[in-house]
Protein chains: 2
Amino acid sequence: MKITLRQMEIFINVVASGHLTNVAKEMNLSQSAISMSIKELENILGRPVFDRINKKLVLNEVGRAFYKEIEPIYRKLSDIEFEFKNSENKGIIRVGASTTIVDYLMPSIICSYMSAYPDVKITLKEGNTKEIARMIEEGTIDIGFVEGFVQGSDIVKEKIGVDELIVVTADKALSQKSVFIDELANERWILREPGSGTREVFLDYIKEKVDALNIFLELGHTESIKSILNNRSCLTCLSKISVEDELKSGKLFQVPVKNFDCKRDFLMIHHKDKYHSSLFEKFVFFSRKLMVKMIEEQQCAIDLAKELKKSL
Amino acid sequence: MKITLRQMEIFINVVASGHLTNVAKEMNLSQSAISMSIKELENILGRPVFDRINKKLVLNEVGRAFYKEIEPIYRKLSDIEFEFKNSENKGIIRVGASTTIVDYLMPSIICSYMSAYPDVKITLKEGNTKEIARMIEEGTIDIGFVEGFVQGSDIVKEKIGVDELIVVTADKALSQKSVFIDELANERWILREPGSGTREVFLDYIKEKVDALNIFLELGHTESIKSILNNRSCLTCLSKISVEDELKSGKLFQVPVKNFDCKRDFLMIHHKDKYHSSLFEKFVFFSRKLMVKMIEEQQCAIDLAKELKKSL
DNA sequence: TTCAAAATAAATAAAATTGAATGAAACTTT
DNA sequence: AAAGTTTCATTCAATTTTATTTATTTTGAA
């Protein structure tokens, strides 16, 4: 036999009042219901919790200790239940995103979302496109953001932006004249590792124009590539948003390649069976708007977040 | 509608396993029972807590937050229930004692009892004999220790020692010759306040021998009386155990009064309807033995406590 | 005695649980 | 790849179990 929450509730009320009859009235129950509930509680514990003194029920030493343990927990449990019944904006959203998005778009989205909905927690997982897709299929994450293509019949995809790949260098001389991509093939190239979406899309795009690219270094992170770039005269191809700051500040330069228009989609994905809680819907709505704006206008996400909050 | 512990238990198991069928087997229930319980939980909360993905139930963003809140509490509640079902030595005993006992006997009893039963908490209330008796009648305390007489048909009394009152001074000259009590009537007397058991018993005892006692100071605490005594040449009548130390160290002296044999009982009292939990019984047994020994032999209580623990 | 409150017992209402039927996806077999 | 099989969650009506009520008895105090 196990103690129930009801028994605790009744027990706590009897402790407070000391009279079964009062508690029965308060709780809209019969006096015998209270009596039997207390008796059952005492049965389960194996010994009385009240001394019956002058028609009053007074906690005994066992009951007192039991009450002290159980009362705060009961209250907390009630609070939690109330919170979840009444607050829509409570939950933990697990987000997954592929490398470029994780680094350059997610931080400000998450940060601004959390300031709009302080009761919602967010966990962020990184992975390449395939890994993120698998997490969606398994239910390990609620929503994913990836670059490129996703396959899987259970996955609902939505294009929420375009990712432009550009050729970049730190060597100003290289960026002065407009050239065709094959003319750059013998320059020293740094690329992301095989398997990376950025690399695959780039190589696929140029495969008919360039025979052999002079790849002299492969690195796992965009930031590593940027730092190396600064020290040597070499080239790379990266997502435009990831080098936005450096282009503005003049640390890096875009190489004006003729006929070079290498684009891929940013996708927001979720499982087709996903229950669309208001929490989830709001996050989706929020991300969609914010993502589009950020990509198009590179505008401060935090300011936008405030506007969005009002419209929801 | 309210969430029940059962629903939480099932919910937590489903989270862990992900399959209703497994949980049903583990819990010896049909899978429809599990299914309906989860559904009811979701009903109460007003929204789903699981996404049904490929026959599996995967926590969604709401369920995840709910789980995180509820799981540790559920575990704690189970632990508490288990503790109370299985551990006899758990509780809170409220002890009341009158002034002399509180100061000179209870500390070592409580201290040694608590080292023998670390899971039992003790609260100690002070009061004069009447107040302690009323607390017993009302159920405010579980057990009381008083000096003197107690009336009340609901109160079970047990004599556990004798308290001897003696006449005491710090003035060695006064303690040199044996006298009758009436010969001391004009000395300067310090007594406890009216209502104090020590005072009443003393005055009652001498009322036929002494007309008017020269009471020049009344103080509420034995310790205050002792300090005053040291500075002036005056007398008081106190419980022997309360001046034991001072007599030994020579700070105070017993005045050898002829024909003076003023005694009263130490009583242990409890309500007749008191449920005798094993906790209570042990405390009573413990106190009885310890009290007798302490009064008779003035022996170190802590050492004795260890012996007693073994015999229980 | 009478009064007020708790305990008990039998009756009943409410709930939890079951078992059979249904449906949907995943896995086999052809 | 279509048809059959298995697995598992869901649904619904039936049933068991539990909670609660009504009526009655007991208890202690005024």
Side-chain angles (χ1 to χ4, degrees), chain A residues 1-11 13-15 17-44 48-60 63 137-139 152-155 271-275, chain B residues 1-11 13-44 48-60 63 134 136-139 152-156 271-275:
Chain A
M1 260 303 132
K2 273 199 142 189
I3 296 171
T4 68
L5 277 183
R6 194 91 227 257
Q7 283 160 359
M8 291 184 204
E9 188 188 2
I10 291 174
F11 169 70
N13 286 336
V14 173
V15 170
S17 139
H19 289 285
L20 299 197
T21 316
N22 297 348
V23 176
K25 278 176 199 155
E26 286 166 29
M27 299 183 72
N28 288 319
L29 286 172
S30 68
Q31 170 264 127
S32 57
I34 308 293
S35 176
M36 292 170 94
S37 168
I38 293 292
K39 208 185 157 200
E40 177 62 14
L41 179 69
E42 292 183 323
N43 259 355
I44 295 172
V49 290
F50 289 110
D51 285 328
R52 275 71 172 174
I53 290 183
N54 296 351
K55 292 183 183 176
K56 249 188 143 179
L57 284 91
V58 183
L59 275 182
N60 67 15
E137 278 174 331
E138 285 173 352
S153 54
D154 293 345
I155 297 177
H271 198 284
K272 73 171 167 35
D273 297 335
K274 180 95 200 91
Y275 169 74
Chain B
M1 260 302 127
K2 272 196 143 192
I3 296 171
T4 67
L5 277 183
R6 193 92 229 257
Q7 283 160 359
M8 290 183 205
E9 188 189 2
I10 291 174
F11 169 70
N13 286 336
V14 172
V15 170
S17 138
H19 289 286
L20 299 197
T21 314
N22 296 348
V23 176
K25 276 177 200 157
E26 285 167 31
M27 299 183 73
N28 288 318
L29 287 170
S30 67
Q31 72 186 47
S32 54
I34 308 293
S35 177
M36 290 172 96
S37 168
I38 293 292
K39 210 189 156 198
E40 178 61 14
L41 177 70
E42 293 182 322
N43 260 355
I44 295 171
V49 290
F50 289 111
D51 286 326
R52 277 71 172 172
I53 290 182
N54 297 350
K55 290 186 183 177
K56 254 188 139 178
L57 283 91
V58 184
L59 275 181
N60 66 16
R134 214 198 50 240
I136 289 290
E137 278 175 330
E138 287 174 350
S153 55
D154 293 346
I155 297 177
V156 179
H271 198 285
K272 70 171 167 41
D273 297 335
K274 180 92 199 100
Y275 169 73

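Just so you know, these numbers come straight off a predicted model, no measurement behind them. Residue numbering restarts at 1 for every chain, and letters A, B, ... go by the order of the sequence lines.
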* **A/Leu57 vs B/Ile10, nearer the 5' end of DNA chain C by closest nucleotide** => A/Leu57
* Asked: Taking OP1 and OP2 of C/dT17, is either one under 4.0 Å from a side-chain nitrogen or oxygen of B/Ser37?
  -> no
* **Presence of salt bridge, A/Asp51 and B/Lys274, under 4.0 angstrom** => yes
* Rounded to whole angstrom units, what separation is found between the CZ atom of A/Arg6 and the P atom of D/dT18? -> 17 Å
* Please determine if B/Lys39 and B/Glu42 form a salt bridge, counting it only when a charged side-chain N lies under 4.0 Å from a carboxylate O. => no
* Asked: Rounded to the Å, how far apart are B/Lys56 NZ and D/dC8 P?
  -> 12 Å
* Asked: Which nucleotide in the set C/dG19, D/dC8, D/dA23 lies at the smallest distance from any side-chain heavy atom of A/Ser32?
  -> D/dA23
* If you look at every strand shown and take non-hydrogen atoms under 4.0 Å, does A/Asp154 touch a base, only sugar-phosphate, or nothing? -> nothing
* Closest-nucleotide ordering on DNA chain D, the 5'-leading residue of A/Glu40 and B/Ser35 -> B/Ser35
* Given atom CD1 of B/Ile44 and atom C1' of C/dA15, what is their separation to the nearest angstrom? -> 12 Å
* Asked: Which nucleotide in the set D/dT18, C/dT8, C/dA7 lies at the smallest distance from any side-chain heavy atom of A/Arg52?
  -> C/dA7
* How many angstroms lie between NE2 in A/His271 and CG in A/Asp154, if you round to the nearest 0.5 Å? -> 4.0 Å
* Asked: Starting at the 5' end of DNA chain C and moving along, which residue's nearest nucleotide shows up first, B/Met36 or A/Lys272?
  -> B/Met36
* Asked: Nearest of D/dT20, D/dA9, C/dT17 to any side-chain atom of A/Ser30?
  -> D/dT20
* Just how far, in rounded Å, is P of C/dA6 from CG of A/Asp51? -> 15 Å
* Whole angstrom value for the distance that separates P of D/dT20 from CD1 of A/Ile38 -> 12 Å
* With a non-hydrogen cut-off below 4.0 angstrom, is B/Asn22 in contact with a base, only sugar-phosphate, or nothing? -> nothing
* Whole angstrom is fine here: how far is it from NZ in B/Lys2 over to P in D/dA19? => 15 Å
* Nearest-nucleotide pick for B/Ala33, side chain only, options being C/dA16, C/dT17, D/dC8 -> C/dT17
* Residue A/Met1, side-chain heavy atoms: nucleotide from D/dA19, C/dT17, D/dT18 that is nearest -> D/dT18
* Asked: Salt bridge or not for B/Arg134 and B/Glu137, using N-O below 4.0 Å?
  -> no
* Which nucleotide in the set C/dA5, C/dT17, D/dT10 lies at the smallest distance from any side-chain heavy atom of B/Gln31? -> D/dT10
* Asked: Is the number of heavy atoms from other residues, nucleotides or ligands within 6.0 Å of NZ (B/Lys272) greater than 12?
  -> yes
* **Length of the line joining B/Lys39:NZ and C/dA15:C1', which is rounded to integer Å** => 16 Å
* To do: Take the protein atom NE2 of A/His19 and the nucleotide atom C1' of C/dA4, then report the distance between them rounded to whole Å.
  => 10 Å
* To do: Look up atom CD1 in B/Ile10 and atom CE in B/Met27, then write down how far apart they are to the nearest 0.5 Å.
  => 4.5 Å
* Asked: Can you tell which of C/dT18, D/dA19, C/dA6 lies closest to the side chain of B/Leu29?
  -> C/dT18
